[in-house]
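Some notes on the structure that comes next.
None of the values given here were measured: they were computed from a predicted structure. Protein chains get the first letters and strands the later ones, always in sequence-line order, with residue 1 at the start of each.
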Amino acid sequence: MENQLHIYNTLSGEKEVFKPIVEKHVGMYVCGPTVYSDVHLGNCRTFISFDMIYRYLLHSGYKVRYVRNITDAGHLENDADEGEDKIAQKARLEKLEPMEIVQKYTVGFREVMRLFNTLPPSIEPTATGHIIEQIEITKNILEKGLAYVSNGSVYFDVEKFNVNGDYGMLSGRKTDELISGTRDLDGQSEKRNPLDFALWKKASPSHIMHWPSPWSIGFPGWHLECTAMSTKYLGDQFDIHGGGMDLKFPHHECEIAQGKSATGKAPVNYWLHANMLTLNGKKMSKSTGNTLLPEELFSGNNNLLSKAFHPMVVRFFMMQAHYRSILDFSSEALVASEKGFIKLMTALADLNAIKPAASSSENADSMIGSFYEAMNDDFNTPVLIANMFEAVTYINKIKDGNATISAPDLDKLRSALHAFVFDVLGLREAKEGNDSKLEAVMQVILEIRKKARDEKDWATSDLLRDRLSEAGIQIKDSKEGVTYTVQ
RNA sequence: GACAAGGUGGCUGAAUGGCGAAGGCAACGGAUUGCAAACCCGUUUUGUAUGAGUUCGAAUCUCAUCCUUGUCUCCA
């Protein structure tokens, strides 16, 4: 059985055996959100994907330092490197301080991440908290002669870097093709070459967020913060760098160029890219407005939705697709996932009531092995879930008396399922807080219903069942007794 | 236009050369039930965009065609 973890590396375009730089330790960096508006569901998918990866690495016994940044310094608007900082722009619109915007949406982001049951990163650094580091890297690259100062701004010299470097190695692009593909800029551009990108940008007088530097009062370039923060906390070279597919070029390409220029070494061994979540077949994007907010999903308050969905149902839905595949969102697909999710969680709960037998009628070890096999194959969660449903069928058969399981197998299967469902997939019960008073009320109702059924008063019995069902409480009659689930 | 990833059953979504193409959902039949729900068993007939090629054998490899999406400008 293949027990080694294989990861698809964008750099090579192949699945590779994962070998960390330091045995049993993993350094992982993921590009975080820009906090100038609410995170939409597409953003969430990326972070949920990497949360699953983080969780599986932890489960596999690695000590992981997981760094995910908060971009709070803003980015520029247009391709001429001129324009207003996004955060400053939004601040003006809402008549707030830039850092007020940052605070608001950072808090919102963390709350959404909490609802999706993602683990907090080990370090969550901010761009504005690392201005000094970014200035130092800029100085470093200038000293290496791979950047130039122009009118108070500092630009990375892609052409010069490319003499010895290989700009485009990650995204499979060639610089001459890129140049021919760029739109003509007017002669006033500060850049020597359209491919060059800013390391430091001089601020216009109206620009609110700015800091002093050796070159001007200004702000750091778009790609620099990730280089500064990743290398600061994970070293010049680290294991895993993740992010959305849309960041592959130019953002990650620039990170490689910056890192190599500053340290002489390729910064990252494994580049991982999570694919897009689409809505109506199109990528979710802040700029095009084709978005769905998590809150709308949880409340059902959106025309695209037939009902509200619990965050765990959404997470399960995402886990049913592979992280490198495009996933199309639809209310219909989510309804199907909800049913499957309930089926899985019900079986998990039923597992606790199962009585072991002398022997097992099915091979629990191979089931458990199939879980690991799926995850070791580039975190294949859809296959993991399919394999877990084999176990679900087994559990239900045992419950119905059509199969048996031995005590040791029961223990193994239970702990494996718990580990994969809760620890790795990061799911948890989707029930609303079942308080003791509800429990007491339900016991009374079930008692009344039992009495009615004993007296063959089907009208009363069915009335109770149907009205509870309308209220979202399902009554389940079984041989062992009556139970209920709250949805 | 350049580059990249795709097009799989009623829906969703796995599987990269090998017996009957996973799983979830849906539908139908049966079992169960006071009737249902849940669970169990079974079924859904030529289901891998189209056309050619390589091969003993192709969803998978090659070529062509059509279509979709992404990146090339801030984006997860």
Side-chain angles (χ1 to χ4, degrees), chain A residues 10 13 15 30-34 36-37 39-50 71 74-81 83 85-86 168 171-174 177-178 180-183 195 222 242-251 253 273-278 281-288 316-317 320-322 324-328 330 332-344 346-347 350 370 374 377 380-390 392-393 395-397 399-403 453 456-458 461-462 465-466 469 474-479 483 485:
Chain A
T10 307
K15 285 180 195 170
V30 172
C31 291
T34 303
Y36 63 84
S37 65
V39 282
H40 58 68
L41 206 61
N43 301 117
C44 294
R45 185 188 179 198
T46 296
F47 302 129
I48 290 170
S49 292
F50 284 104
T71 296
H75 289 301
L76 294 178
E77 291 275 58
N78 61 34
D79 64 351
D81 288 9
D85 184 303
K86 271 195 177 172
S171 53
R173 285 156 207 270
K174 296 182 173 52
E177 285 170 2
L178 283 167
S180 65
T182 34
R183 281 166 266 175
L195 289 186
W222 324 294
M245 201 73 94
D246 50 353
L247 295 182
K248 193 156 73 174
F249 187 89
H251 185 61
E253 200 69 69
H273 290 96
N275 219 320
M276 301 292 103
L277 180 69
T278 59
K282 299 258 190 239
K283 175 191 170 189
M284 275 196 203
S285 166
K286 287 173 190 173
S287 47
T288 59
F316 181 74
F317 163 72
Q320 278 185 304
H322 190 258
R324 280 193 293 113
S325 298
I326 293 170
L327 175 62
D328 192 52
S330 73
E332 196 187 2
L334 224 52
V335 168
S337 285
E338 183 171 51
K339 298 244 174 81
F341 176 70
I342 291 169
K343 185 173 173 177
L344 177 64
T346 304
D350 288 345
S370 75
D377 184 14
N380 200 329
T381 54
V383 168
L384 167 68
I385 290 171
N387 293 343
M388 287 200 300
F389 272 107
E390 303 268 324
V392 167
T393 302
I395 292 165
N396 287 329
K397 272 189 193 174
K399 213 179 68 176
D400 275 22
N402 296 326
R453 293 183 77 202
K456 297 198 192 306
D457 179 3
W458 309 126
S461 155
D462 291 352
R465 183 179 69 196
D466 296 344
S469 173
Q474 299 295 330
I475 286 186
K476 291 185 185 176
D477 295 312
S478 72
K479 285 166 193 156
T483 57
T485 53

Straight-line distance of [X] [atom1] to [Y] [atom2], nearest 0.5 Å:
X      : Y      : atom1 : atom2 : result
A/L327 : A/L277 : CG    : CG    : 5.5 Å
A/S171 : A/K248 : OG    : NZ    : 7.5 Å
A/K343 : A/S337 : NZ    : OG    : 13.0 Å

Does [X] make a side-chain N or O approach to OP1 or OP2 of [N] shorter than 4.0 Å?
X      : N      : result
A/S325 : B/rA14 : yes
A/S330 : B/rC11 : no
A/K397 : B/rC41 : yes

Give me the distance, rounded to whole Å, that separates [N] from [M] when you measure between the [atom1] atoms they each carry.
N      : M      : atom1 : value
B/rG18 : B/rU55 : C1'   : 12 Å
B/rC39 : B/rA27 : P     : 13 Å
B/rA15 : B/rU60 : C1'   : 9 Å
B/rA14 : B/rG7  : P     : 9 Å
B/rA58 : B/rU8  : C1'   : 14 Å
B/rA38 : B/rU46 : P     : 29 Å
B/rA64 : B/rC3  : P     : 13 Å
B/rG42 : B/rU32 : C1'   : 15 Å

Base of [N] paired with side chain of [X] (donor-acceptor, under 3.5 Å):
X      : N      : value
A/K476 : B/rC39 : no
A/S461 : B/rG34 : yes
A/D462 : B/rG34 : yes
A/R465 : B/rA36 : yes
A/D477 : B/rA36 : yes

Heavy atoms of A/T381 and A/A321 approach each other most closely as OG1-O, 3.5 Å
For [X] and [N], what is the distance between atoms [atom1] and [atom2] respectively, to the nearest whole Å?
X      : N      : atom1 : atom2 : result
A/Q320 : B/rC25 : CD    : C1'   : 9 Å
A/K343 : B/rU12 : NZ    : P     : 20 Å
A/I395 : B/rA38 : CD1   : C1'   : 15 Å
A/L334 : B/rC11 : CG    : P     : 18 Å
A/L277 : B/rU12 : CG    : C1'   : 14 Å
A/Q474 : B/rC39 : CD    : C1'   : 14 Å
A/L247 : B/rA4  : CG    : P     : 20 Å
A/N396 : B/rC40 : CG    : C1'   : 8 Å

As a test of reading the structure: which of [options] is closest to the side chain of [X], going by heavy atoms?
X      : options                : value
A/L327 : B/rA14, B/rG13, B/rU71 : B/rG13
A/D246 : B/rA26, B/rA14, B/rA76 : B/rA76
A/A333 : B/rC75, B/rU12, B/rC40 : B/rU12
A/K282 : B/rC3, B/rU69, B/rC40  : B/rU69
A/D400 : B/rC75, B/rC40, B/rC11 : B/rC40
A/E390 : B/rA76, B/rG23, B/rA37 : B/rG23
A/N380 : B/rC74, B/rC40, B/rA15 : B/rA15

Would you mind pulling out the nucleotide paired to [N], Watson-Crick or G-U wobble, both distances under 3.5 Å?
N      : answer
B/rA49 : B/rU65
B/rU71 : B/rA2
B/rG10 : B/rC25
B/rC35 : none

Quick check on RNA chain B: between A/P250 and A/F341, whose nearest nucleotide comes earlier from the 5' end?
A/F341
With nearest nucleotides of RNA chain B determined for A/A386 and A/H322 from heavy-atom distances, which residue corresponds to the more 5′ nucleotide?
A/H322
Indicate, with a heavy-atom threshold strictly under 4.0 Å, whether [X] touches base, sugar-phosphate, or nothing.
X      : result
A/G401 : nothing
A/R173 : base
A/K399 : nothing
A/A274 : nothing
A/G242 : nothing
A/M245 : nothing
A/M388 : nothing
A/R453 : base
A/G42  : base

From CA spacing to verdict: salt bridge (charged side-chain N to carboxylate O under 4.0 Å, His left out), A/R465, A/D462:
CA-CA 5 Å; A/R465 183 179 69 196; A/D462 291 352; 3.6 Å; yes
Can you check whether A/M276's main-chain N or O pairs, donor with acceptor, with A/R45's side chain at less than 3.5 Å?
yes
Looking at A/A374, is its backbone amide N or carbonyl O close enough to the side chain of A/N380 to form a donor-acceptor pair, meaning the two atoms are under 3.5 Å apart?
no
A/V39 and A/P33, any side-chain heavy atoms less than 4.5 Å apart:
yes
With the side chain counted from C-beta on, respond yes when A/R453 and A/W458 share a heavy-atom pair under 4.5 Å apart, and no when they do not.
yes
Aromatic ring of A/W458 stacked on base six-ring of B/rG34, 5.5 Å, 30°
yes
Should the ring pair A/F389 and A/F316 be called parallel, tilted or perpendicular, given that the plane angle runs from 0 to 90° and is split at 30 and 60?
perpendicular
